[in-house]
Each structure stands twice: as C-alpha cells, then as structure tokens.
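Contents: one structure, followed by commentary.
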Protein chains: 2
Amino acid sequence: MHDPSLRQLRTFLFVVQTGGVTTAAQALGLTQPAASQQLRELERAMGVRLLERVSGRSVPTAAGRALIEPARRAQAAVEDARAVAAAHRSGEAGRVRLGTGATACIHLLPPVLAELNERMPGLEVIIATGNTPDILRRVEEGDLDAALVTLPAALGRSLTATRVATDPLVALLPEAMAPSGRPSLTAADLERLPLILYETGANTRAIIDAWFRRAGLAPRPIMELGSVEAIKVLVAGGRGCSVLPALALGGDVAGAVVRPLRPALARQLAVVLRKEKVVDRGLGRLRAALKGAGGQPG
Amino acid sequence: MHDPSLRQLRTFLFVVQTGGVTTAAQALGLTQPAASQQLRELERAMGVRLLERVSGRSVPTAAGRALIEPARRAQAAVEDARAVAAAHRSGEAGRVRLGTGATACIHLLPPVLAELNERMPGLEVIIATGNTPDILRRVEEGDLDAALVTLPAALGRSLTATRVATDPLVALLPEAMAPSGRPSLTAADLERLPLILYETGANTRAIIDAWFRRAGLAPRPIMELGSVEAIKVLVAGGRGCSVLPALALGGDVAGAVVRPLRPALARQLAVVLRKEKVVDRGLGRLRAALKGAGGQPG
DNA sequence: CATGCGGATAAGTTTTCCGCATGCACGATC
DNA sequence: GATCGTGCATGCGGAAAACTTATCCGCATG
C-alpha cells in the first residue's frame, strides 16, 4: 500500500468542502480529470472508497469522513512548516547559538543583545559560555554557530575569525595610588605598583605579559584572580592596581581611577565561525551588532 | 514556491535523526543521490538552507531545527490517516447511518444492534428516526446510508429495497374480550369489537385497512393513536382490542392475549438504499443482522 | 428529445523521481 | 605528504507519475 500524498489529501478535502470534483479542481487550479485521478489514486492507496456520487454531489463515505480530520491535521502541519521556513527566510525568525570564550565578553554582550532584540525581535540568541578551546571545538562541530573570542586564538583550519572590536586595556588604580600629573602609565610605572592581574593562562593575561615584555619588564602581581569583578573590588578597596579591558569596567569604578596605557594596548575581539558556514540573516545581524558595539575593529 | 512533499519531509527527518544523508537514504530504501536530490528540492521549495555539512555529519540549521516539529506532526497526521483507513478497510471500524421510518422498527433494532456490536465491535451505528418519506429522501441525498421501512413504500427511481423480514400482524385483546375456542380471528370478528388502531396515514394502518377491505369491511376504531406503547396499555386496561405488529409486542402483554389473524397478515420490512450504493462491510453486516432477526424474509 | 452539468475514461505529453556513474572535499592511514 | 576511504554533490538516462486535452456516459432539466 502506497502512502497518500499531501496533494491527494488536499484535493480530497477540497472535494468534501465544495461538494464536487469539478469545483474542487478549479479551486486548486487544475483540471477536473486531474482531481479525479488523484481521488482514485488516493482511494487505491488507502484501499477504501472515500467518496460517493449522489444526486449531483460528491459525499464522503464513512471512511472518508473519518479521513477528514487527520488530513486537515497534515495540511495544517505542512502549512506550519512553510510558515516557519518563510519566517526564517525573511529573517523574521532565526536562532543563533553564540559561544563566548572569555568572561570579559559577558560585559560586551548585553547592549549588543538589546540592540539585536530591537532590530530583529524574532531572533533567538543562545549564549553558551566556556573556555576558549572548548567553545571553538563546539563551533567546529556545528554545535554552536559562532564564537566571540579574544585574539590570538588557536583556530583550527576549518575556522575563520573576523575582527569585530578593539577593546583597549587600561590601568585601574585606587585614587590614592594614581600618580598625579601623568595622563597615561607605562609598564615601568605599573611595575612599581602592587599589581592584581588576571590569572596566568588567560588570554588577556598573556596580552598584558607581552606588553610588559616589550618594555623589557615582567609583571610581578601580588594577586592573580580569574574574576574581573573581584579584581575591581580589590582595586577599589585600595589593595593594588590592575590592567583590565575597558569593556570590563563598564564605566567608572567607585574609589578607583582609570588611566590609559602607554604605549596603548588593546585586545582584539573576533567572531569565529566555520569557513563553510553560510551566514544567515540572524548571524549576520549578530555579527554586525558586535562590530558596532565594541569600538574600532582595528 | 512549491509545496514541500511528504517524502521530502520524511527524508529530512531521517537525515536529522541519523546524522547523515547516506544512512538516511538506506534507511528509506533508496540511494544516496535520491535523498540528496530530495533535500535540495526541499531547501529550494522552502527557500532556506536546512542542513549543514560539518565534519562528516549533517546538522540541521536553525531553520532546519524549527522545521523538525511541524514535519513530525505532518508525518504523524498522515500515519493517522493511514491507520484510520486501514481500520475501515479491514472492517474493524466503520459507520452506518440508518434511518427507520416507522416507530415499530425501534422494537426490531435493539437485538440487531446487540448482535452487530458483538460481531463487529468497531462499527458505529447511527439511528435516525423520522417519517418514511423524509427518511427516504435523506437516503437519496446520501445523508443516510440505509433506511429500514415497511413496504410498500414510495421509492424513488434511485432507491432499491431488499426485504429483510416479515413481521406478522396479530390481534391483541383484553382477556375479557378474547373469544374462546377460536384460535384465530377474522376481520369480521374484529369488526364487532372496539378497536384501538394506529393513526390513519401510518403505513401499518394502511395495511390493516387493506386487510379489512379484502374482507369487505372497514374498521371503525374507537381510538387512533400514533404510539404502539399507548395502544398496548389501553388494550391491557380492557379499553378495546387492536391489531399490532408482532415485533412491537416484544413478548407477552400482561392482561392481554395475542391471537393470529385469519387470513394471516404480515407487513414486509425492507432495507432501502440507493441503487449505486457500495455496500461496505459495516452496511453488509447491518443488513445481514436485520435479515436474521426478523423472521422469514417472505 | 435536446441540452447542460458533473464525472469517468483514454491517450499523449510534460514533469518528477530514481538509479547508476562520476567527481569533489575532507579526514584517516601508512 | 601521498594515498585511500568516506560522504555528499552532480550529470545523465530510463521509469513512473501527474497533468492536459479530448471524448464519452449518466442524469437532471426544459
């Protein structure tokens, strides 16, 4: 027994509704024999008579009446499928699964997501957090659509990164420690102060270490922490000073002052996705919003 | 934009489930290029990419994931349709709408329906009551599948009647009125007694009148009623005697005696259906049960 | 009895679908 | 790093399906 086709069920429903094969046929935009053949084929596939011709009208049999409801359900389901696809095609709907590698990225996302929600309300954004290698692996496997990480990152050959933002690193000092008359601080300046830095191994910490290294110095932090919030609290409490991404500060920190570095230091934020990834509208919008939110893509 | 086909949705679901086009193809019993083509056609029809190839596996995109649920619903609905049709084909299920013209038929139906329910539990029988012409009209229009009426009936040319039972008419008398020593009663016997008969115009009444007419007499009832139950009560109360279908008595009537008529009189019960009506299993069973329940089809 | 309507049927054509063969990309293996 | 194996895409040819045109039949109507 063959499966009934959607078209056959549709024609059947139209016949039941209009009460005639001819009317149903022209409502469906095809000729009467075509509709007749579909009905015959449907009856053959189901092994049951579905329609009776009675006094000029076509009336469903018992089996036909029983078939109406599931046939309607099938039609509705396919219609839903089409609607869903249309929503995705037009960009009204969509889903983007984004992984963020560093915790600092969390400070960048909220305004981005707010803007995204405003410009594309139907887009569903799923944020997954984790360490950078894990996030990148999930992107490679297709479990995530994109990742927002700080460069440099160990990208596989199947991944590609596009810079979306430059996040300057700045010095954060307690008001008491801030050298007066100096708008910006050098590595030598900081090296003389008690430092509270990111934990070793984090990407941002590696960038900071390289900056010190370029000045021929090596930072000797009195504390290393994995949480930027904890560092901020400690600096505000006068325990030491730190070098933090400007984005992570989110504005002023009470009891602490922000000073730029000299030479300027910044980390690169990039969106990483698979090379073959087709950028649909939702992903494109997310990437655009990230680009716009994070300063110059440098 | 073309409609997606059931087969395409099915293939898509299999690909999502198995994680590969090839595995899905062989699970569906077709070759890999066939499945590939279906997927391509489905994506073209929907205007959205549905699958991504990533590291040897096929993973649904956002649109694809959104499509899974309605696609499953469509599959399930069609499966339901098939199941329903299969039930009707095998005779497990079915529906027969039967119209009964005379109220007397109600006395015949209960045992018939009981037997029917025993032999074909899935069969749904719908009984519609009404006067004979109305019932027959509804049969002609396909609103009813069959009618159980007493002959003769004014059948249209599109209807055909098959006799299913002979229902003898008998005299019902109060014990006080029963003539002793006479096993059967003639029209002359009854003409001398107070008669309580069906109302004029009813089919059964016409048969009784004709029986009297054949004896050169005309009944002069003291009462005419449309309810056989009411007549039974009146006869049992000694108010008069009547001529009733044996089936309508359903057994003995307390306080009354039953006597056969001489010459014997019977009415024919017939199942009426449209000439072109295809007799499915449910209708056939119903007709057979009616034949078996009502005495000789005469 | 002619006519119109609705449906069934037949034949021919276009479209679709599938299988086979082939090519391409990626990952694994030696 | 060259080779092999796997998985998917593509092109082509034949089979099957679906649609259209044309015709016929039954039935109701004037």
Side-chain angles (χ1 to χ4, degrees), chain A residues 2-12 14-45 49-61 64 137 140-142 156-160 274-278, chain B residues 2-12 14-16 18-45 49-61 64 137 140-142 156-159 274-278:
Chain A
H2 290 233
D3 275 356
S5 79
L6 275 178
R7 205 173 307 198
Q8 290 164 357
L9 292 176
R10 206 165 111 92
T11 301
F12 169 70
F14 267 68
V15 170
V16 170
Q17 186 178 342
T18 64
V21 178
T22 302
T23 54
Q26 62 190 28
L28 289 166
L30 38 88
T31 60
Q32 170 266 319
S36 262
Q37 186 181 357
Q38 286 191 10
L39 295 172
R40 183 152 35 107
E41 196 54 33
L42 179 61
E43 287 183 336
R44 197 180 68 81
R49 287 206 64 106
L50 298 174
L51 291 170
E52 283 182 303
R53 347 290 163 188
V54 40
S55 72
R57 282 225 306 282
S58 291
V59 170
T61 65
R137 185 184 52 75
E140 269 189 294
E141 289 174 354
R157 275 177 308 283
S158 65
L159 298 181
T160 176
R274 282 185 299 108
K275 279 201 180 72
E276 325 85 37
K277 180 75 181 179
V278 279
Chain B
H2 289 235
D3 275 354
S5 80
L6 274 179
R7 207 175 311 199
Q8 289 165 356
L9 291 176
R10 207 164 107 91
T11 302
F12 169 70
F14 268 69
V15 170
V16 170
T18 64
V21 177
T22 302
T23 54
Q26 63 190 27
L28 289 166
L30 39 88
T31 61
Q32 169 266 319
S36 262
Q37 188 181 2
Q38 287 190 11
L39 295 172
R40 182 156 33 112
E41 195 55 33
L42 180 62
E43 288 182 336
R44 198 180 66 82
R49 287 206 65 102
L50 299 174
L51 292 170
E52 282 181 305
R53 348 292 163 188
V54 40
S55 73
R57 279 220 310 282
S58 289
V59 170
T61 64
R137 183 182 53 76
E140 272 190 291
E141 289 175 354
R157 277 179 305 284
S158 65
L159 298 180
R274 280 185 299 108
K275 279 201 179 73
E276 324 85 39
K277 180 77 184 179
V278 280

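Letters go in sequence order (proteins before strands), and every chain restarts at 1.
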For residues 26-33 of chain B, dump all side-chain donor-acceptor pairs below 3.5 Å to protein atoms at least two apart in sequence or in another chain.
unit_1	atom_1	unit_2	atom_2	d
B:Gln32	NE2	B:Ser36	OG	3.2

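One atom, CG of B:Leu159, and another, P of D:dC27, lie 13 Å apart when rounded to the nearest Å. Between the C1' atom of C:dG6 and the CG atom of A:Leu39 lies a distance of 13 Å, rounded to the nearest Å. In this structure, the CZ atom of B:Arg40 is 13 Å from the C1' atom of C:dT16, given to the nearest Å. Per the geometry, CG belonging to B:Leu42 stands 15 Å off P belonging to C:dT16, to the nearest Å. What separates CG of A:Leu6 from P of C:dT16 is a distance of 16 Å, to the nearest Å. Atom CG in B:Leu28 sits roughly 14 Å away from atom C1' in C:dC17 (whole-Å rounding). Rounding to whole angstrom units, CD of residue B:Glu41 and P of C:dC17 are separated by 7 Å. For the pair B:Gln26 CD and D:dG7 P, the interatomic distance rounds to 9 Å; values are reported in whole Å.
The side chain of B:Ser58 approaches D:dC8 more closely than any other nucleotide in the set C:dG6, C:dT9, D:dC8.
Scanning for side chain to side chain contact (heavy atoms under 4.5 Å, CB included) contacts around A:Val16 gives A:Phe12, A:Leu51, A:Pro60, A:Ile68, with sequence neighbours left out. Checked against side-chain hydrogen bond (donor to acceptor under 3.5 Å, both in side chains), A:Glu43 has no partners two or more places apart in sequence or in another chain. Evaluation of the side-chain hydrogen bond (donor to acceptor under 3.5 Å, both in side chains) rule for A:Gln38 yields A:Thr11 as partners, not counting sequence neighbours. Applying the side-chain hydrogen bond (donor to acceptor under 3.5 Å, both in side chains) criterion to B:Arg137, with sequence neighbours excluded, gives B:Asp134, B:Glu141. Under the side-chain hydrogen bond (donor to acceptor under 3.5 Å, both in side chains) criterion, B:Thr18 pairs with B:Thr23, sequence neighbours left out. The side chain to side chain contact (heavy atoms under 4.5 Å, CB included) check on A:Ser5 picks up A:Arg7, A:Gln8, with sequence neighbours excluded.
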Evaluate side-chain contact (heavy atoms from CB on, under 4.5 Å) for A:Leu39 paired with A:Val15, printing each intermediate quantity in order.
CA-CA 9 Å; A:Leu39 295 172; A:Val15 170; 3.8 Å; yes
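For C:dA8, one of the phosphate oxygens OP1 or OP2 lies less than 4.0 angstrom from a side-chain nitrogen or oxygen of A:Ser36. Regarding contacts with the backbone of D:dG7, every side-chain N or O of B:Thr22 stays at 4.0 angstrom or more from both OP1 and OP2.
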Using nucleotides 19-22 of chain D, report all nitrogen or oxygen pairs with the protein that are shorter than 3.5 Å.
unit_1	atom_1	unit_2	atom_2	d
D:dC19	OP1	A:Arg7	NH1	3.3
D:dC19	OP1	A:Gln38	NE2	2.9
D:dC19	OP2	A:Gln38	NE2	3.2
D:dT20	OP2	A:Thr31	N	3.0
D:dT20	OP2	A:Thr31	OG1	2.9

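Shown here for B:Leu6 and A:Pro4, the closest heavy-atom pair between the two residues is CD1-O, 3.6 Å.
DNA chain D contains the following stems of three or more consecutive Watson-Crick or G-U pairs, with both distances under 3.5 Å: C:1-30 with D:1-30.
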